[in-house]
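A short worksheet on the structure shown next.
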Amino acid sequence: TAPVIIGDPGRGMEDLMIVNQVWGLPSPNEKGLLINARSETVQEKPTFSRGIRQNRCVIPARCFYEWDPHKNKASFFPQNNDVIYMAGLFERPRELGGSFSRFVILTREADEIVRPVHSRMPLLLTAEQVPDWIRNNDCVEELLKTVPAPLYCEKEYEQMSLDL
């Protein structure tokens with residue numbers, strides 16, 4: 001589970017709240033969980049159509065990480081050491097009784113900092129964009145194309161090779 005920012009139903013447009021949700025939606029073919037959704041195609045996919053229209057959320061974090069091809073972990077932080085805000089969608093799966101919500105993180109093509117490690121990265125929003133992402137349907141198309149603020153990468157270690 002993770003803390004997720006959603007709109008507070010029954011309150012005004014500006015009210016947001018933090019709830020705990022489970023990461024991952026059941027796959028339509030019942031083989032595992034979907035943890036990410038591509039921002040470029042999310043509006044076309046039946047699995048995510050309701051979420052993108054009605055159930056947008058934001059996942060706050062200090063950083064995100066990816067694994068490089070050599071299975072080394074690389075963590076990515078905002079250059080200002082602020083919180084990052086990852087765009088997401090949530091659902092209450094009917095087959096699980098709808099008693100709790102599950103979310104996915106939207107991804108986009110990696111920027112020049114992330115690309116050496118992985119081809120995809122989370123769709124990152126600014127703090128100012130969070131309310132519009134959650135509440136304003138008119139902004140969704142534009143926010144799906146958001147370019148992230150500069151990041152920096154930290155690795156616990158990097159595998160080196162020797163050319164003999």
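Numbers here simply count residues along the sequence, with the first being 1.
Between Phe90 atom CZ and Ser101 atom OG the span is 5.5 Å, to the nearest 0.5 Å. To the nearest 0.5 angstrom, Leu125 atom CG is 11.0 Å from Cys139 atom SG. Distance CG/Asn72 to CD/Glu66: 13.5 Å, rounded to 0.5 Å. Note that CG of Leu89 and CZ of Arg53 are 11.0 Å apart. Values are rounded to the nearest 0.5 Å. Taking CZ of Phe77 as the reference point, atom SG of Cys63 lies at 4.0 Å (rounded to 0.5 Å). Of the inter-residue distances, the one linking Gln43 atom CD with Phe48 atom CZ reads 13.0 Å to the nearest 0.5 angstrom.
Residue Asn136 is tested with Val140, Ile134, Asp138 for a side-chain contact (heavy atoms from CB on, under 4.5 Å); the sole match is Asp138.
Side-chain contact check for Pro122 versus Leu106: every heavy-atom pair is 4.5 Å or farther apart. When side chains are defined from C-beta on, Phe76 counts as touching Ile113, because their heavy atoms get closer than 4.5 Å. Taking 4.5 Å as the limit, some side-chain heavy atom of Asn36 sits within range of a side-chain heavy atom of Thr107. Looking at heavy atoms from C-beta onward, Glu142 lies out of side-chain contact with Leu144 at the 4.5 angstrom threshold. Under the 4.5 Å side-chain criterion, counting only non-hydrogen atoms from C-beta, Arg102 is in contact with Pro26.
Leu16 and Val58 fall within a single hydrophobic cluster, where Ile, Leu, Val, Met, Phe, Trp and Tyr are joined by side-chain heavy atoms under 4.5 Å apart, directly or via other members. Note: the hydrophobic cluster containing Met17 also contains Val4 (ILVMFWY, side chain heavy atoms under 4.5 Å, direct or indirect links). Cluster annotation: Leu33 is not connected to Phe64 through the hydrophobic network of ILVMFWY side chains, with a link wherever side-chain heavy atoms come within less than 4.5 Å.
In terms of heavy-atom proximity, Ser49 sits nearest to Ile52 at O-CG2, 3.3 Å. Of all the heavy atoms in Leu25 and Glu91, the pair that sits closest is CD2-CB, 3.7 Å. The two atoms that bring Pro3 and Ile18 nearest to each other are CB-CG2, 3.7 Å, heavy atoms only. Of all non-hydrogen atoms in Val42 and Ala37, the two that sit nearest each other are CG2-CB, 4.2 Å. Closest approach of Pro148 to Leu124, counting heavy atoms only: CB-CD1, 4.0 Å. Looking at every heavy atom in both residues, Gln79 comes nearest to Leu151 through NE2-O, 3.4 Å.
Residue pairs satisfying the side chain to side chain donor-acceptor pair (under 3.5 Å) criterion with at least one member in residues 108-119, sequence neighbours excluded, are absent.
Formation of a donor-acceptor pair under 3.5 Å by the Arg135 side chain with backbone atoms of Pro131 is not found in this model. Trp23 places a side-chain N or O within donor-acceptor distance of the main-chain N or O of Ile35, the cut-off being under 3.5 Å.
Under 3.5 Å, the side chains of Asn81 and Arg62 contain no donor-acceptor pair of N or O atoms.
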Does the salt bridge (Lys or Arg N to Asp or Glu O under 4.0 Å) test come out yes or no for Glu40 and Arg120, once each step is laid out? CA-CA 12 Å; Glu40 301 91 342; Arg120 307 286 300 172; 2.8 Å; yes
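Remark: Gln129 engages Thr126 in a side chain to side chain donor-acceptor pair (under 3.5 Å) (not counting sequence neighbours).
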